[in-house]
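Just below is one structure, and these are the notes that go with it.
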There are 2 protein chains.
Amino acid sequence: MVPRYWYNIVADLPEPLPPLIDPLDDEESRIALLVRILPSRLIDEEYTLSRLIPIPERIREAYARAGRPTPLLRAEGLERALGVSGRVRIYYKYEGALPTGSHKLNTALPQVYYALLDGAEEVATETGAGQWGLAVATAAAMLGVKATVFMTRSSYERKKPRRLAMQAMGATVYPSPSRVTEAGRRALEERPDHPGSLGLAITEAIEYVLGNPKRRYVAGSVMESVVTHQTVIGQEVLQQLPEEPDYMVACVGGGSNLAGFTYPAIGMRLRGEGFEKTRFVAAESAAAPRLTKGSYRYDGLDTGLVLPLARMYSLGKDYVPPPIHAAGLRYHGAAASLSLLRRLGLVEAVAYGQEEVFEAARIFARSEALLPAPESAHAIRAVIDIARRAPKGTVIAFNLSGHGLMDIDAYETLSSRIVEGRLPEPTGTRR
Amino acid sequence: MVPRYWYNIVADLPEPLPPLIDPLDDEESRIALLVRILPSRLIDEEYTLSRLIPIPERIREAYARAGRPTPLLRAEGLERALGVSGRVRIYYKYEGALPTGSHKLNTALPQVYYALLDGAEEVATETGAGQWGLAVATAAAMLGVKATVFMTRSSYERKKPRRLAMQAMGATVYPSPSRVTEAGRRALEERPDHPGSLGLAITEAIEYVLGNPKRRYVAGSVMESVVTHQTVIGQEVLQQLPEEPDYMVACVGGGSNLAGFTYPAIGMRLRGEGFEKTRFVAAESAAAPRLTKGSYRYDGLDTGLVLPLARMYSLGKDYVPPPIHAAGLRYHGAAASLSLLRRLGLVEAVAYGQEEVFEAARIFARSEALLPAPESAHAIRAVIDIARRAPKGTVIAFNLSGHGLMDIDAYETLSSRIVEGRLPEPTGTRR
């Protein structure tokens, strides 16, 4: 059964959630901008204090059609491969079962639907590796809305499968910087071979949306409303888990898959209804270690300061992570609620390098016969480390946020590494 | 609920199924060879006359884990796009929901399991585009058996995602011709840049299996036992269909997805239990039009005559189809039972060119938000043609045998064609 409600953790947080604020400059209010570009119902959900938010019937149907509830599987193959059978029990929620191969569709669907409720005829967004863009293109095709996606130019060529899939579903995909916006044209004038950046793509998508009142911007992560949509994962998990786990683990980019997977359980903990002994673990990339090495402060959500500031763990909005295969984990910050939970000690964090993550992906692929997304493999790395030193009877649950069948380039590197041996870890630069 | 039985149509055929026979040459018996290389339980199933074959509990569990039953979806988006809403109802079974993205896993699982029952430690097979190879690699990883795949050299490079996925799951993948077998070495001596062929890859896989009694060969299509495993699809469809369709449509390569989808219904028709007015339609590629233009006769299952002869519709075992994107439909023949049903008029056939098939894929992707495999798009083409001229109240069901997210190259051509206009249809050569 598809859950009837999303869960909004803001209602149960021990401290008030620090709100989004405008930077102290003379520019136009970014909060006001958000209100202009986002679907109005999304804005309502961004600020609501209600604990349970009813999932619209149209979206519950779309969830069911897309394959929700997704399965919660026991990882007996992995347990055997790790030599912990009979000592540790491992479960995982498999979001790769959704037709776009990742959890992103969970929020793309309601956001596109909310745009429709506003009378919009088109949604626009940015994408890097394309997981989010593909989810938006799919949701738009399901609900009959036009989609336009600004895709960083480097990914436009490198992540061809997802780009072509978006286009086949009818979405317009522009390599960013594009000639469609002022911001894009300016970037191309300065540097004709500009590889693009997520920040620039955001700026382009927003400029594009502002050009026509029939357009709405849709957001892939970080915002509280987005995080709330993803709790459909954790609401299902509460129904599916045969026992309360000692650990719940997920990877962290903006934070939405971790939040979606754990918040309903963390909520029960906060309300004294269960999960008292469960440890909640965020696995991030050592290339963008905001939860382990960042500082907790107000910072820009995007490089260009087009969006408001959020109080969060951040490496600084100008942090440039090295190119890694888990492109979805390269974000400099994390959702405000997740950052607060980390600050309060309710969520722990651990960071991993590419090499050890790919080794975990390889172990998992062989033992569970599912190729994990490079992002999700960070959670698997954490699970493997926990399982190997865990006492008898330990129960671990994690979120497999997507499959890696469309991440050829990552796994090509993986197999060449297996042949050629270890490569040095890339490191990021703070500017 | 995963069905408890596969359905074996041989029990209900109005005429005896013409058996596999040996060619009239002096070589060793190919039937005897089959018995040596195939899992013994598969041989039993190949020759059984039982109507219902119990699905082993281990396989029912594996089916459930892999996401069976797969959904039967109503194609309301497609109905709208075709302008037939309220006049025609279209349903489709979605086999792309399986983790490897196609129906092939349905038979890979039992075959690998049967090899295990024989005490084998390794399975080997051939693959072209890689759908079958990926299914075997996945089944082998699920059941803990080693897999070796001979992949035609041209696909080895062109279909990298599937090859890398197989490798990540622990399978050994050799480009065929390889240096691992006599047959491969001979081909490479004659022509060092040999692009490979499915026939040669079959020969290599069989030679490889014969080299060690702990190896078994597993077969992707055409054989009756394989076709029977695929009836898990149609057994589910019988439970899921809300009404008896006027048409049941599927694409045809070797015939296993069409057979799997339709045979349980055709069986009811043959037994006088229902589906009296249903028309069963096979959609094939104009590049390999065996059911529409081939002749019904005994012919080799493979180019090299390593396997026995079957009585089937064939274009001749030496027919070389032009390179098309739906590589899974390039086979020269079709399963013996399907050929007999076609001969008896119970199954109709229609052939389509690439251009009109890609147009159908495009319409479907935009209206249903699922990218079809190029093979499955042949069925969609037939459905669109039927729906457009169908009288009010017509019900159509078809099998969407796989998704196209890993068939980048096909859809790249598709989008460039949309831009550049129509290309001439390729044509095959009979030798």
Side-chain angles (χ1 to χ4, degrees), chain A residues 62 64-67 70-71 73-74 76-77 80-81 94 96-101 105 134 137-144 160-171 173 358 361-372 403-415 418, chain B residues 62 64-67 70-71 73-74 76-77 80-81 94 96-101 105 134 137-144 160-171 173 358 361-372 403-415 418:
Chain A
R65 190 176 174 90
T70 56
L73 300 167
R74 172 81 180 272
E76 285 179 295
R80 271 194 302 275
Y94 184 43
L98 294 175
T100 66
L105 194 61
L134 181 56
T138 300
M142 283 177 83
L143 299 170
K160 246 188 209 172
R162 289 209 185 86
R163 191 245 297 168
L164 291 166
M166 288 186 253
Q167 291 171 326
M169 284 182 205
V173 186
F358 273 148
R362 200 185 61 84
I363 294 170
F364 187 83
R366 289 174 182 223
S367 58
E368 288 294 315
L370 282 176
L371 194 65
H403 68 62
L405 288 174
M406 292 177 81
D407 298 279
I408 328 156
D409 49 344
Y411 285 95
E412 184 160 32
T413 313
L414 168 60
S415 41
I418 288 170
Chain B
R65 189 175 175 91
T70 57
L73 300 167
R74 171 81 180 271
E76 285 178 295
R80 269 193 303 276
Y94 183 43
L98 294 175
T100 66
L105 194 61
L134 181 55
T138 300
M142 284 176 82
L143 298 170
K160 247 188 207 171
R162 289 209 185 87
R163 190 245 296 168
L164 291 165
M166 288 186 252
Q167 291 171 325
M169 285 182 204
V173 186
F358 273 148
R362 200 184 60 84
I363 293 170
F364 187 82
R366 288 174 182 223
S367 58
E368 288 292 315
L370 283 176
L371 195 64
H403 68 61
L405 288 174
M406 293 178 81
D407 299 278
I408 328 156
D409 48 345
Y411 284 94
E412 185 161 31
T413 312
L414 167 60
S415 44
I418 289 168

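Below, chains carry the letters A, B, ... as their sequence lines are ordered, and counting in each starts from 1. Note that these values count all heavy atoms, side chains included, but never hydrogens, waters or copies made by symmetry.
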Checking heavy atoms, do the side chain of [X], its backbone, both or neither come under 4.5 Å from chain A?
X        : answer
B:Thr70  : neither
B:Pro71  : neither
B:Ala97  : neither
B:Met406 : side chain

Could you measure the distance from the [atom1] atom of [X] to the [atom2] atom of [Y]? Nearest 0.5 Å is fine.
X        : Y        : atom1 : atom2 : result
B:Met169 : A:Ser367 : CE    : OG    : 11.0 Å
B:Met166 : A:Leu371 : CE    : CG    : 12.0 Å
A:Arg65  : B:Arg74  : CZ    : CZ    : 9.5 Å

When heavy-atom pairs shorter than 4.5 Å are enumerated against chain B, which of A:Thr138, A:Leu134, A:Leu405 gives the highest number?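 Ranked by heavy-atom pairs under 4.5 Å with chain B, first place is A:Leu405.
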At a heavy-atom distance under 4.5 Å, which candidate from B:Glu76, B:Met142, B:Lys160 has the highest pair count against chain A?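 Highest number of heavy-atom pairs under 4.5 Å: B:Lys160.
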Mind listing the closest non-hydrogen atom pair of B:Ala365 and A:Ala141 along with its distance?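 Minimum heavy-atom contact is O-CB, 4.2 Å.
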